[in-house]
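Remarks on the structure that follows.
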Amino acid sequence: MPDIDPASKSMEAIVALCKRRGFVYPASEIYGGINGFWDYGPLGTALKNNIRDHWWKQTVECPPIGPDGEPVSIVGLDSSIIQNPKVWEASGHVGGFNDPMVDDTETKKRYRADHVWVRRAAGTDGKDVLVAIVLGSREEADAAWSHFDKTEKLPDQLRSELSKALKKFIDGAKFYEDMPLSYLDVSDEERVIVFGQHASKPGTLTEPREFNLMFETFVGAIRDASSKAYLRPETAQGIFLNYKNVVDTMRVKMPFGIAQVGKSFRNEVTPRNFIFRSREFEQMEMEWFCAPDDSPKWYDFWKHERMRWWESLGVSNSNLRFRDHDDDELAHYSKMCVDIEYKYPFTAPGFGELEGVAHRGCYDLTQHQTHSKQKLEYFDQERQVQGQKDGLSKDEINAQSKYIPNVIEPASGLTRGVLVLLTEAYTPDESRPSKVYMKFKPKFAPIKAGIFPLVNKDGMPQVAQKLYMGLREKFACQLDAKQSIGKRYARMDEAGTPYCFTIDGDTLADQTVTVRDRDSQAQERINIDQVEKFLAEKIGE
Ligand code: GAP
């Protein structure tokens, strides 16, 4: 079956399958949930761990081959979520990690001012009507637009007030794909309407205000300013804090990387689109330290390497793209940044961020050096020796061998990766009982094999049990003897299990089992003692 465009996939159906099959549940569901938090069920946890383990393996244990043909050097780390609060002052997160946000005074809803959807229609007087809907997903914007009376003529004064208001919101906004930039030039003749989703009338939005995304907590028994601390908003800072420890203890030399996977927390103004933007999420980040003059080469290397990595997970190349950040979009620490974007159902035909590859320059180490008063300079012995060989002066050698390293940072969302694999895998198929199956690349499937006795008699359960006991140490597999065989296949199709082995009457006679392929639904017979080899070959590395 050819790859299906994510644009044709329904987010609602994906979310429903995730709940039904135990991939992702709303957090605190029995208490009505809590916005921006999700729990990963048994299958979601397995899928997430598979992505995480593959990233760790390919980043730390078996890192890629660098431009010189040698494997690059990367070590792992697991730092604290809570650090000394001075860390976040030095990193710029206390002062600068803000989102602009607007409140709707009518509905009391809060929106991100830089997430604006625009819809346009011809008015009855032949002039265009321009409607800006602040915040909301594409679906919400479409729903609001469909209820809006596009023939209504606005009073002139309101029109001009709204025109000004729209310009204010649009200033510095990040626009979604389908918003033609020509709309930025709003002429006075155009009728402009700005409103928060669900508001009954336009013009009830406040001015955009800054909102810090850091979650605060208190350390120890006393709750005052001196005990205030923060949950980390990125795993990266833990790496910068341990840069010197790693240099001093691990015999690493420039260039090298430090990698970390773990939870991050952001009090997002508008968590939305399922697990795409949540308030608690997991990141897989690697800080690559290198000499400043080598940094362009490594930026280019990691950009392409990370795209290749996502493709190795089975994500279709046509659903991924690079997007360079404009200068005014760069984070406070960043010199250059390129996003690897995926075509999510809620952004399609546009794309949304999956991973950022940023050139952080020497920003973070310099900030920590200044704030902590600890020397974080690197002495590059190889450059010193090379400088001596090249006959450079002492000053020239010093200048090129003593430096604060530059950092290239491939930073991806592990939980966003889960969403991408769930979306890619989701494959509607009316011809099968489940009407849908999850086409995970076998290596990432939460369950690799289902083992079924056809009926619960004639010695079949015992043979199935023996097969299961022999496989379970090597593969995540499930023994299932309940319900009809069709229902068992349907369950495994929705779980994305690539192979199901059935023990039937013939097994007892000739020691063969049927193996059913999830994608083609084709069945073949193989010898029962070949099952392990079959799975090892199919699931591979
Ligand atoms: N250390 C750099 C950094 O944190 P970022 O672009 O803010 O950069 C990196 O985050 C990745 O983390 C993003 O590309 C995205 O995949 C993921 N991410 C960021 N905020 C998220 C959120 N609220 N929910 C889920 N994933 C998020």
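Side-chain atoms are counted along with the backbone in the values below, which use heavy atoms only and exclude waters and symmetry mates. Counting starts at 1 for both ligands and their atoms, following the listed order.
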Ligand-side contact atoms (ligand 1) for residue partner [X], heavy atom cut-off under 4.0 Å:
{"X": "E355", "value": "14 (O)"}
{"X": "E285", "value": "1 (N), 2 (C), 3 (C), 4 (O)"}
{"X": "G413", "value": "11 (C), 12 (O), 15 (C), 16 (O), 17 (C)"}
{"X": "E234", "value": "1 (N), 2 (C), 3 (C), 4 (O)"}
{"X": "R360", "value": "1 (N), 2 (C)"}
{"X": "E409", "value": "1 (N), 2 (C)"}
{"X": "A236", "value": "1 (N)"}

Just need the protein heavy atom nearest to [atom], so name the residue and atom and give the distance.
{"atom": "atom 6 (O) of ligand 1", "result": "E353 OE2, 3.0 Å"}
{"atom": "atom 26 (N) of ligand 1", "result": "F281 CD1, 3.5 Å"}
{"atom": "atom 24 (N) of ligand 1", "result": "S278 N, 3.0 Å"}
{"atom": "atom 25 (C) of ligand 1", "result": "F276 O, 3.1 Å"}
{"atom": "atom 12 (O) of ligand 1", "result": "Q283 NE2, 3.2 Å"}
{"atom": "atom 8 (O) of ligand 1", "result": "Y333 OH, 3.7 Å"}
{"atom": "atom 20 (N) of ligand 1", "result": "R266 NH1, 3.3 Å"}

We want to know whether [X] and [Y] form a side-chain donor-acceptor pair, criterion being a heavy-atom distance below 3.5 angstrom.
{"X": "Q260", "Y": "S79", "value": "yes"}
{"X": "D429", "Y": "T427", "value": "no"}
{"X": "H325", "Y": "S334", "value": "no"}
{"X": "Y342", "Y": "E424", "value": "yes"}
{"X": "H368", "Y": "Q237", "value": "yes"}
{"X": "Y344", "Y": "N273", "value": "no"}
{"X": "S434", "Y": "E494", "value": "no"}
{"X": "W310", "Y": "E355", "value": "yes"}

Next item on the list: May I ask you to check whether over 12 heavy atoms, not counting those of R308, lie within 6.0 Å of atom CZ?
Entry: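 Result for CZ/R308: enclosed.
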
Item checked: Atom pair CZ/OG1 of R277 and T415 - distance to nearest 0.5 Å ->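 The distance works out to 12.5 Å.
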
Checklist line | Test of proximity, L354 against ligand 1: N or O pairs below 3.5 Å | finding: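 Yes, there is a polar N/O contact under 3.5 Å.
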
